[in-house]
Amino acid sequence: MVTLTTEVLVIGGGATGAGVAWDASLRGLDVILVDRLDLAEGTSGRFHGLLHSGGRYVVKDPPAARECIDENRILRRVAADCIEDTGGFFVTTPWDDPDYADGFVQGCLDSDVDCQEIPAAQAMREEPRLNPAISRAFRVPDANIDVWKAVWALAHGAQQRGARILPYHEVTGIRREADRICGARVRDVRAGEDIEIEARVTVNACGAWAHRVAALAGIEGVRVLPSRGIMVAMNHRLVNTVVNRCQMPTDGDIIVPIRTVSVIGTTDHHTDDPDDQTVPQAEVDQMLDEGEKLVPGFRQARALRVWTGVRPLFEDAKASDTETRDVTRAHALLDHRERDDVDAFVTITGGKLTTFRLMAQQAVDAVCDMLGESRPCTTITQPLPGSESGEHYQLGERLQRKEAQLTEAQLICECELVPRAKLEEAITRTGSTNLDDIRRQLRLGMGPCQGGFCIYRAAGIMHGLDALSAEQADASLLAFLQERWKGVWPVLYGDQQRQMRFDEWIFHGVLDVDHLPGGPLAAGQVSGADPGTAAAEAAA
Ligand SMILES: Cc1cc2nc3c(=O)[nH]c(=O)nc-3n(C[C@H](O)[C@H](O)[C@H](O)COP(=O)(O)OP(=O)(O)OC[C@H]3O[C@@H](n4cnc5c(N)ncnc54)[C@H](O)[C@@H]3O)c2cc1C
């Protein structure tokens with residue numbers, strides 16, 4: 001069995017784990033990061049897209065609000081290229097308690113969240129689809145953040161400093177010698193091999209799965225209460241500003257415009273399983289109804305797809321035994337040396353995507369403390385690769401690039417303007433044979449046709465580059481279609497239903513995907529189906 005040795009082993013390749021790898025590498029530590037799947041395929045890749053200003057927490061949880069605005073300001077500097085500066089509105093609709101707005105203003109003042117009241121008419125001028133019945137409007141520095149870009153920038157930055165980044169490596173056991181953790185046993189799921197990793201310190205950054213990894217180390221009582229939420233992406237930028245209802249945060253009260261879509265969310269239901277991807281039809285309807293309150297006609301717009309993420313809510317059983325604390329949405333750093341008498345092991349979980357940098361900083365501070373070394377954190381000032389210019393992402397950048405070379409660049413994905421050269425470069429660079437991994441890198445297949453036109457081209461190009469055999473290309477194509485289908489089924493109505501019928505003709509009528517060597521698609525997977533049955537199917 002292969003044995004790798006490192007100073008710091010990071011388990012979990014979401015924003016937090018990638019942030020830990022980046023921070024530790026910047027401090028000159030040798031790092032290995034492993035994830036059981038691709039990077040950002042856990043909660044980070046399934047979130048709402050909001051870089052919080054803190055406005056949502058100013059009344060309910062002021063410390064969280066302050067943390068968000070501090071990190072918002074830092075990330076705007078160091079991860080500029082991953083952020084689109086949409087700005088945000090909090091608006092009072094007829095369904096909201098009008099008194100909340102005054103408390104909101106005071107909360108913003110107390111938590112240092114920049115907030116400016118503007119006339120409702122001005123908000124309407126800037127966002128003409130907003131409900132004309134809004135009575136008050138406030139501007140805050142909300143934004144959107146492209147998590148895949150951010151996580152891969154963190155990983156590449158760490159790699160450039162010598163870190164080894166190992167997606168598709170699942171931790172199956174933790175190496176423990178007496179009261180000391182000294183690494184992990186890892187399964188390379190693509191190669192089907194086990195490897196041993198020896199580490200001086202191990203960081204558990206497994207989010208909603210953190211309790212399971214802690215249990216592998218023989219540490220009980222790390223209580224992560226997974227909370228499932230769904231989001232619905234609409235086909236257009238119905239708004240270009242993040243729009244929140246000015247009320248105590250609740251289900252479906254925020255629309256985030258990100259890239260070519262706008263996303264409404266989210267729900268909040270306890271689940272026992274962090275892998276729970278259930279999409280109850282009632283929750284989809286609830287999101288669409290709530291969308292109507294902010295943007296009348298929301299239900300008539302085309303819904304593109306639905307997905308689920310699971311929040312890592314942390315409740316420290318040890319603390320609550322004595323302190324009866326409520327479940328918190330703040331993050332938690334567990335130094336298991338102090339908490340459980342187990343040395344060289346740290347858990348960092350909970351929190352928000354917006355606070356990943358701070359979480360990583362605190363985790364690496366603890367690592368340095370365990371190593372007995374003083375190495376200052378520099379992630380507050382060091383830009384991520386690609387963000388050195390300090391310029392934010394602008395919607396329309398891709399179109400601008402395409403228009404600059406109209407005839408040269410062959411487009412593979414028309415919806416997301418992905419040129420062939422970009423696709424080939426990503427296939428070669430990642431070495432991935434999984435079209436869904438490529439999707440996360442390039443947004444391939446994320447537009448209205450959900451891969452209808454681009455994905456068979458991409459599979460063919462992969463095969464042409466000898467990345468995949470014909471059978472593997474077929475299997476990869478089918479896996480992609482099945483994954484997309486899961487998200488489309490619950491919103492099959494109107495134009496999206498017509499689109500999926502069209503896709504069905506492409507894949508069944510032209511490509512006969514039922515008879516590809518990679519295996520037949522299950523009945524109804526590229527066809528119109530009764531949305532009422534979708535919840536059951538998605539839940540299965
Ligand atoms: C519905 C929803 C909407 C949200 N919206 C927002 C938002 O708009 N803005 C915001 O700031 N925050 C938002 N959040 C919160 C935010 O998404 C999370 O707090 C954050 O993504 C957690 O990141 P993480 O890296 O800690 O966890 P994850 O991203 O879940 O990373 C944990 C990783 O551990 C890996 N792992 C698990 N077990 C193993 C193992 N045995 N071996 C190896 N790897 C393993 C998983 O594959 C996963 O990649 C939202 C959360 C939800 C659920």
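Whatever order the structure lists ligands and atoms in, that order sets their numbers, starting from 1. As a basis for the values below, the full set of heavy atoms in this structure was taken, side chains included, without hydrogen atoms, waters or symmetry mates.
Looking only at protein heavy atoms, the nearest one to atom 26 (O) of ligand 1 is T16 OG1, 2.8 Å. Taking atom 41 (N) of ligand 1 as the reference point, the nearest protein heavy-atom neighbour is V171 O, 3.2 Å. The shortest contact between atom 17 (O) of ligand 1 and any protein heavy atom is with F47 CB, 3.2 Å. Counting protein heavy atoms only, atom 49 (O) of ligand 1 is closest to D35 OD2, 2.6 Å. The protein heavy atom nearest to atom 27 (O) of ligand 1 is G207 CA, 3.8 Å. Ranking the protein heavy atoms by distance from atom 2 (C) of ligand 1 puts R311 NH2, 4.0 Å first. For atom 19 (O) of ligand 1, the nearest non-hydrogen atom of the protein is G351 O, 3.2 Å. Looking only at heavy atoms of the protein, atom 43 (C) of ligand 1 is closest to R36 N, 3.2 Å.
Contact annotation for A18 and ligand 1: no heavy atom of the residue comes within less than 4.0 Å of the ligand. The proximity of M231 to ligand 1, defined as any non-hydrogen pair under 4.0 Å, is limited to the side chain. Contact annotation: for R228 versus ligand 1, there are no heavy atoms closer than 4.0 Å. Proximity of V147 to ligand 1, defined as any heavy-atom pair under 4.0 Å, is not found for any part of the residue.
With S227, G265, S44 as candidates, the residue nearest to atom 21 (O) of ligand 1 on a non-hydrogen basis is S44. Of the listed residues (V151, L50, L33), the one carrying the non-hydrogen atom nearest atom 9 (N) of ligand 1 is L50.
Backbone and side-chain nitrogen or oxygen atoms of W209 are examined, and none is located within less than 3.5 angstrom of a nitrogen or oxygen of ligand 1. Residue contacts with ligand 1: M359 is placed with no nitrogen or oxygen under 3.5 Å of a nitrogen or oxygen of the ligand (distance criterion only). Between L353 and ligand 1, a contact under 3.5 Å exists for at least one N or O pair. Considering backbone and side-chain N/O of T354, one or more are found under 3.5 Å from N/O of ligand 1.
Taking a 4.0 Å cut-off on heavy atoms, A15 registers as neighbouring ligand 1.
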* Evaluate the criterion side-chain contact (heavy atoms from CB on, under 4.5 Å) for residue pair D275 and W209; output intermediate values, then yes/no. => CA-CA 9 Å; D275 290 299; W209 295 264; 3.3 Å; yes
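No side-chain heavy atom of R56 sits under 4.5 Å from any side-chain heavy atom of K352. Inter-residue side-chain proximity for L33 and Q159 is flagged as unmet; no heavy-atom pair is nearer than 4.5 Å.
Between the side chains of S227 and D268, at least one donor N or O lies within less than 3.5 Å of an accepting N or O. When only modelled atom types and interatomic distance are considered, N144 and E84 share a side-chain donor-acceptor pair under 3.5 Å. Side chain to side chain, D276 and T278 meet the donor-acceptor criterion of an N or O pair below 3.5 Å. A side-chain N or O of R357 and one of T379 form a donor-acceptor pair less than 3.5 Å apart. Between the side chains of T3 and E198, no donor-acceptor pair is found at a separation under 3.5 Å. No hydrogens or angles considered: a donor-acceptor pair under 3.5 Å links the side chains of D142 and N244. A donor-acceptor contact closer than 3.5 angstrom links the side chains of E127 and T241.
With salt bridges taken as basic N to acidic carboxylate O contacts below 4.0 Å, one links R200 and E7.
I254 contributes atom CD1, which lies 13.0 Å from atom CD of E290 (distance to the nearest 0.5 angstrom). If you take CZ on R305 and CH2 on W485, they are separated by 11.0 Å, rounding to the nearest 0.5 Å.
Of all atoms in ligand 1, listed by their number and element, those nearer than 4.0 Å to a heavy atom of I11 are 42 (N), 43 (C). Residue G49 approaches ligand 1 through these ligand atoms, each under 4.0 Å from one of its heavy atoms: 8 (O). Residue H52 has at least one heavy-atom neighbour below 4.0 Å for each of these atoms of ligand 1: 9 (N), 10 (C), 11 (O). Less than 4.0 angstrom separates some heavy atom of V310 from each of these atoms of ligand 1: 53 (C). The T266 neighbourhood of ligand 1 comprises atoms 1 (C), with distances under 4.0 Å to a heavy atom of that residue. The distance from ligand 1 to the heavy atoms of A205 drops below 4.0 Å at these ligand atoms: 32 (C). Less than 4.0 angstrom separates some heavy atom of G309 from each of these atoms of ligand 1: 53 (C).
Counted within 6.0 Å of CD on E292, heavy atoms from surrounding residues, nucleotides or ligands total more than 12; the atom is thus considered enclosed.
For R245 and Y100, the positive end is not near the middle of the six-membered ring at less than 6.0 Å and at most 45° from its axis.
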